[in-house]
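One structure below.
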Amino acid sequence: MAPSAAEALYEKHYGGDRARRGLFDALARWCTPRRVLYPGSFLHVTASFVFPSVVYVDTDRTAKRFFASMDDVVALVARNKAYRQKPKLTFHSASYEADFDEPEGSFDLLLSLYAGFISQPCKRFLKVGGVLAANDSHGDAGLASIDPDYSLIGVVRGRGDRLRVEEDGLEASFEPKKPMTRTEASLRERGRGVAYTKSAVAYLFRRTR
Ligand SMILES: C[S@@+](CC[C@H](N)C(=O)[O-])C[C@H]1O[C@@H](n2cnc3c(N)ncnc32)[C@H](O)[C@@H]1O
């Protein structure tokens, strides 16, 4: 059977190693989030291969077109999923900085991957006690590290798809290699990550309040 247009689009952008499934697998071995929020997702539905219920948010027109064929997207996920239940996917064609229709405090896991400063506007959707998984591509992990509402509880390390969560030895995680003062304004202005002494693929924070 010929692949659907949605599958062809997914393969074009996320075929092979570009799917970065190892990150989601490592997270799923460490926690079992009931609801996952993925702002700035583009069409990275690899998250749904591992997590049964994911809400995607993006302003991109290609992402909107992809998720418009939701039956084909669900079929693609169903062929790749690692869990038994029916996958539940929702897409909001919206800015993650604006209002989108999800209850506040209803997500167990918030993903921030290569898509800007998500930790701040989307914090309200995360349960107190829920987890933010952020990389530092744009500096969002660094921003969360100086936000008193978040507490660093782990890092994801490893190579390729062989990743694992580490919960010990987190102290030097946000020690810049070159001396600098990190403030919200300076990190936002910089717009890209800082070189830290001990870098990680992703950083895990608990929302504490
Ligand atoms: C580099 S892509 C990363 C996609 C995906 N997170 C990944 O890791 O493959 C960045 C995505 O963030 C989206 N984005 C950037 N700012 C956004 C905003 N304010 N609201 C919603 N989506 C946004 C862009 O449209 C784009 O699809």
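Just so we're clear, the structure is a prediction, and the values are computed from it rather than from any experiment. In each ligand, atom 1 is the first atom listed, and ligand 1 is the first ligand listed.
The aromatic rings of Phe67 and Phe91 sit parallel to each other, their planes meeting at less than 30°, with 60° as the upper class boundary.
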Hey, mind stepping through Asp149 and Arg209 against salt bridge (charged side-chain N to carboxylate O under 4.0 Å, His left out) and telling me if it holds?
-> CA-CA 5 Å; Asp149 294 345; Arg209 59 183 191 186; 2.5 Å; yes
Do any nitrogen or oxygen atoms of ligand 1 lie under 3.5 Å from a protein nitrogen or oxygen, and which ones?
residue	atom	partner	partner atom	Å
ligand 1	6 (N)	Tyr38	OH	2.9
ligand 1	6 (N)	Gly40	O	2.8
ligand 1	6 (N)	Leu113	O	2.8
ligand 1	8 (O)	Arg20	NH1	3.2
ligand 1	8 (O)	Arg20	NH2	3.0
ligand 1	8 (O)	Tyr38	OH	3.3
ligand 1	9 (O)	Tyr14	OH	2.5
ligand 1	9 (O)	Arg20	NH2	2.6
ligand 1	19 (N)	Ser95	OG	3.2
ligand 1	20 (N)	Tyr96	N	2.9
ligand 1	25 (O)	Asp58	OD1	2.6
ligand 1	27 (O)	Asp58	OD1	3.3
ligand 1	27 (O)	Asp58	OD2	2.8

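For the pair Arg207 and Tyr150, the NZ or CZ position fails the cation-pi test of under 6.0 Å to the six-membered ring centre and within 45 degrees of the ring normal.
Checked by atom type and distance alone, the side chain of Ser106 pairs as donor or acceptor with a backbone atom of Pro103 at under 3.5 Å.
The closest side-chain donor-acceptor pair between Ser48 and Tyr56 falls under 3.5 angstrom.
Shown here are the side chain to side chain contact (heavy atoms under 4.5 Å, CB included) partners of Gln85, two or more places apart in sequence or in another chain: Pro52, Tyr83.
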